[in-house]
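The analysis underlying the following values was restricted to heavy atoms, covering all of them including side chains, and did not include hydrogens, waters or symmetry mates. The chains referred to below are lettered A, B, ... by the order of the sequence lines, with proteins before strands, and numbering in each begins at 1. Because the structure is a prediction, the values reported are computed rather than measured.
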Number of protein chains: 2
Amino acid sequence: MPSLRDVAERAQVAISTVSAALNGTRPVAAGTKRRIEQAAAELGYRPNLLARGLQSKRTRILALLYPAPRSGFGLTEMQFATGAAEAARELGHHLLLSPEHADPIEELRHLTGLGLVDGVLLMEVGLDDERAAFLTAAGVPFSMIGRTRDPGSIDYADIDFAATARDAVAHVAALGHRELAFFNLSSGAYADGYGPAVRAGEEFAAAARAAGIGYVDGHRPGSAEEGREAFERLMEAHPDVTALAVMDDHAAVGVIAAVAARGWRIPDDLTLLLVLSSARVAEMFHPRLTTLEPPGTELGRLGARMLIDRLCGDGPPQQRLVPCRLVAGDSSAPPRTTGREGRRRA
Amino acid sequence: MPSLRDVAERAQVAISTVSAALNGTRPVAAGTKRRIEQAAAELGYRPNLLARGLQSKRTRILALLYPAPRSGFGLTEMQFATGAAEAARELGHHLLLSPEHADPIEELRHLTGLGLVDGVLLMEVGLDDERAAFLTAAGVPFSMIGRTRDPGSIDYADIDFAATARDAVAHVAALGHRELAFFNLSSGAYADGYGPAVRAGEEFAAAARAAGIGYVDGHRPGSAEEGREAFERLMEAHPDVTALAVMDDHAAVGVIAAVAARGWRIPDDLTLLLVLSSARVAEMFHPRLTTLEPPGTELGRLGARMLIDRLCGDGPPQQRLVPCRLVAGDSSAPPRTTGREGRRRA
DNA sequence: GTGAAAGCGCTAACAG
DNA sequence: CTGTTAGCGCTTTCAC
């Protein structure tokens, strides 16, 4: 690998001049600059990032803290990573994929102490996330995909649950539904403080209220079996519900089975929405479910970009909310008009 | 951040002694060593990886080349990344997630020229992969998840398609099936030289032959619609087929629809196997499909580990094949005994 | 405009 | 066993 010195020798100038010419750090005569650039090109010179980083205290490397995959982990989480990696790349940075284990704080202390990364990207952020508190205290630049309860001036990109809920409610309301039920994420799979579960729950309730349509929640099925049970209990207690929004993929499988078991069909007898699941998963269902697809790639990109912005200069905190995209499938239709016999057609 | 010098001052020894004590590079008196370790601990000293890398020419950073996600991309690819990142971490290394774009070779040249990474991990390896050729020529250490047509002495971890096919065939044969069909990956979604498609195709044929059961292939549906059509054509041409192995998730959706359309049920009238799809996807189906689940995490781990082995010392090339895990679902059963009316029960 | 020189934090000879 | 010294490749004063 050729170094600055090799370029300097070939161009017959001093090392510092080469550095200046290549980085534009200070004015260099046009002719000299051309000579240097040519020499660099001929030698295939690439700046050594380690040397540069050692000197400048900036490595242009970001770390994405990647929690150990748990149930419910899927495409969206992977999109965070790929989106962040792409955005980083476009902005001349690199992305380290840093798996988290038993003691996130200790690992964070270690990682940031290495001098290897300029900043950290947090995902799967809890409402009271200790990592965020630690990084703030340690003065390490970071941004979040998701957000804590009170993000203060921390940069973050999160799902706009209010808009998502509004869109979902508007979608079913437009079809004529007057009674909507909501199955939240299981309290088992996620700690109770898990942001998406809390926020989605609140916002769906608010959106339904604002739209003046009936609303039932309280169920939190986390598996197909629980989904089946939840749906049966729902129909017992609230037979007038005609539309259902489900957060958990597996629960949706159970709901579909339960619907079939009572001789009903989707969408004729029940409008089913899958919330926070990717369209790719929705396509696995038959009929294809209407989905509120989380903007995973976009959030990853935003998270990386705002972190890089922060590293470069400091502006005001960037806090972005992006709604899920409603992808209409074949699981939404006007409400059934009778009880058990299915919807009458005109 | 405290440096070696700070530790040296506090312990009243020379910098090089601290380095030696902390790295075990050369013998250090027990007492001195203890003093040094204590000083380091008190200061919270962390070695600066940049400085170390600059000097030692080893950064302990690996790059995983991550192709732009395309259709058919899923959990398995993510598992490569998380598995590799975890294994790297356990072995004291870091993993850079490096997205690939238009010109993989140029990007590879760039990445390796930066001096940032010690080695490269390739995934989605083609039978004639130009990246492998480039890295070999450039003398950059690398390993592959997947493999080229002729891997020579390159380290790789790949799926054991022969064992996978054998297991799948044995599974259906044990249930009593005598006629198996195989739907390969679409030639559209993947270039014709895509290893898994080619190898799985060959090995399923071989396994069926070896087991002495009838075998039909040639279909390559890449979507639900194509899956539906393929199944109908299959049943027309080969009405005696009772078991079907499908490589593409979406095609499986179509097959299931087609099965239902002709009034059949799974598994009573057709045993359906999903090959190379994660159990998580299989659970989305109803009934839950029997799956041959690719060892994504394992392959990622192996890939990282063999690369690190290669970087440390050089032994013989490591070439590992890992079979898919057969996860029995509710889509396999003994063959139907009659044509259209479904299986008679005893 | 350009060059010489110091030094980022570390490792690895080489003396002692 | 321990200290001194010389860089790794780069950025950055500071003279000229």
Side-chain angles (χ1 to χ4, degrees), chain A residues 1-37 39-40 43-61 92 94 110 112-118 311-312, chain B residues 1-37 39-40 43-61 92 94 110 112-118 311-312:
Chain A
M1 256 326 117
S3 75
L4 263 195
R5 212 173 72 158
D6 300 319
V7 180
E9 274 174 12
R10 183 172 248 266
Q12 302 281 10
V13 290
I15 294 180
S16 61
T17 307
V18 179
S19 173
L22 261 27
N23 296 307
T25 326
R26 73 184 188 194
V28 171
T32 319
K33 187 167 178 180
R34 215 183 25 71
R35 255 189 13 257
I36 290 172
E37 280 166 352
L43 290 166
Y45 168 77
R46 313 259 174 208
N48 182 310
L49 288 194
L50 295 187
R52 175 178 285 178
L54 181 58
Q55 173 68 288
S56 66
K57 299 297 180 194
R58 289 216 33 201
T59 61
R60 304 189 153 249
I61 300 177
H94 292 271
H110 180 78
T112 55
L114 260 20
L116 188 58
V117 303
D118 288 342
L311 291 169
C312 292
Chain B
M1 255 328 115
S3 74
L4 264 195
R5 213 173 70 159
D6 301 319
V7 180
E9 273 174 13
R10 184 173 247 266
Q12 302 282 11
V13 290
I15 294 180
S16 63
T17 307
V18 179
S19 172
L22 261 27
N23 296 306
T25 325
R26 71 184 190 194
V28 172
T32 318
K33 186 166 179 180
R34 216 184 23 70
R35 262 199 353 272
I36 289 172
E37 279 167 351
L43 260 36
Y45 169 77
R46 313 263 173 205
N48 181 310
L49 288 194
L50 295 187
R52 175 178 284 177
L54 182 58
Q55 172 66 294
S56 65
K57 300 295 181 195
R58 289 217 32 202
T59 61
R60 304 189 154 249
I61 300 176
H94 293 272
H110 180 78
T112 55
L114 260 19
L116 187 59
V117 303
D118 288 344
L311 291 169
C312 291

Could you tell me whether the phosphate oxygens of D/dG3, OP1 or OP2, come under 4.0 Å of any side-chain nitrogen or oxygen in B/Thr17?
yes
Separation of atom CD in A/Glu9 from atom P in D/dG9, rounded to whole Å
12 Å
In whole Å, I'd like the distance from the CG atom of B/Leu4 to the P atom of D/dT2.
16 Å
Taking the side chain as every heavy atom from C-beta outward, state whether B/Val28 and B/Val13 have any atom pair closer than 4.5 Å.
no
First and last nt of DNA chain C near chain B, cut-off under 4.0 Å to heavy atoms, 5' to 3', are C/dG9 to C/dC14
Rounding to a whole Å, what distance do you find between B/Gln12:CD and D/dT2:P?
14 Å
Shortest non-hydrogen contact from A/Ile36 to A/Val7?
O-CG1, 3.9 Å
Which nucleotide in the list D/dC1, D/dT11, D/dC8 gets nearest to the side chain of A/Asn23?
D/dT11
Output the rounded distance in Å from CG (A/Asp6) to P (D/dG9).
8 Å
Please report the distance, rounded to the nearest Å, between CZ in B/Arg52 and C1' in D/dG9.
18 Å
Can you tell me how far the OG1 atom of B/Thr59 sits from the CG atom of B/Leu50, to the nearest 0.5 Å?
9.5 Å
Rounded to whole angstrom units, what separation is found between the CG atom of A/Leu50 and the P atom of D/dC10?
10 Å
For a 4.5 angstrom cut-off between non-hydrogen side-chain atoms, does B/Leu4 reach B/Ser19?
yes
Could you check how far CD of B/Gln55 sits from P of D/dT5, rounded to whole Å?
17 Å
B/Ile15 CD1 to D/dT4 P, straight-line distance once rounded to whole Å:
10 Å
Does B/Val28 or A/Ala20 map to a spot on DNA chain D nearer the 5' end, using the closest nucleotide for each?
B/Val28
Within the 4.5 Å heavy-atom criterion, are A/Tyr45 and A/Val18 side-chain neighbours or not?
no
State which of D/dG9, D/dT12, D/dT4 makes the closest approach to the side chain of B/Ser16.
D/dT4
Can a donor-acceptor pair be found, under 3.5 Å and without considering hydrogens, that links the side chain of A/Arg46 to the backbone of B/Leu114?
no
Between A/Ser19 and D/dC10, is there a side-chain N or O to OP1/OP2 distance below 4.0 Å?
no
Of all residues at least two apart in sequence or in a different chain, which pass the salt bridge (Lys or Arg N to Asp or Glu O under 4.0 Å) check with A/Arg58?
A/Asp118
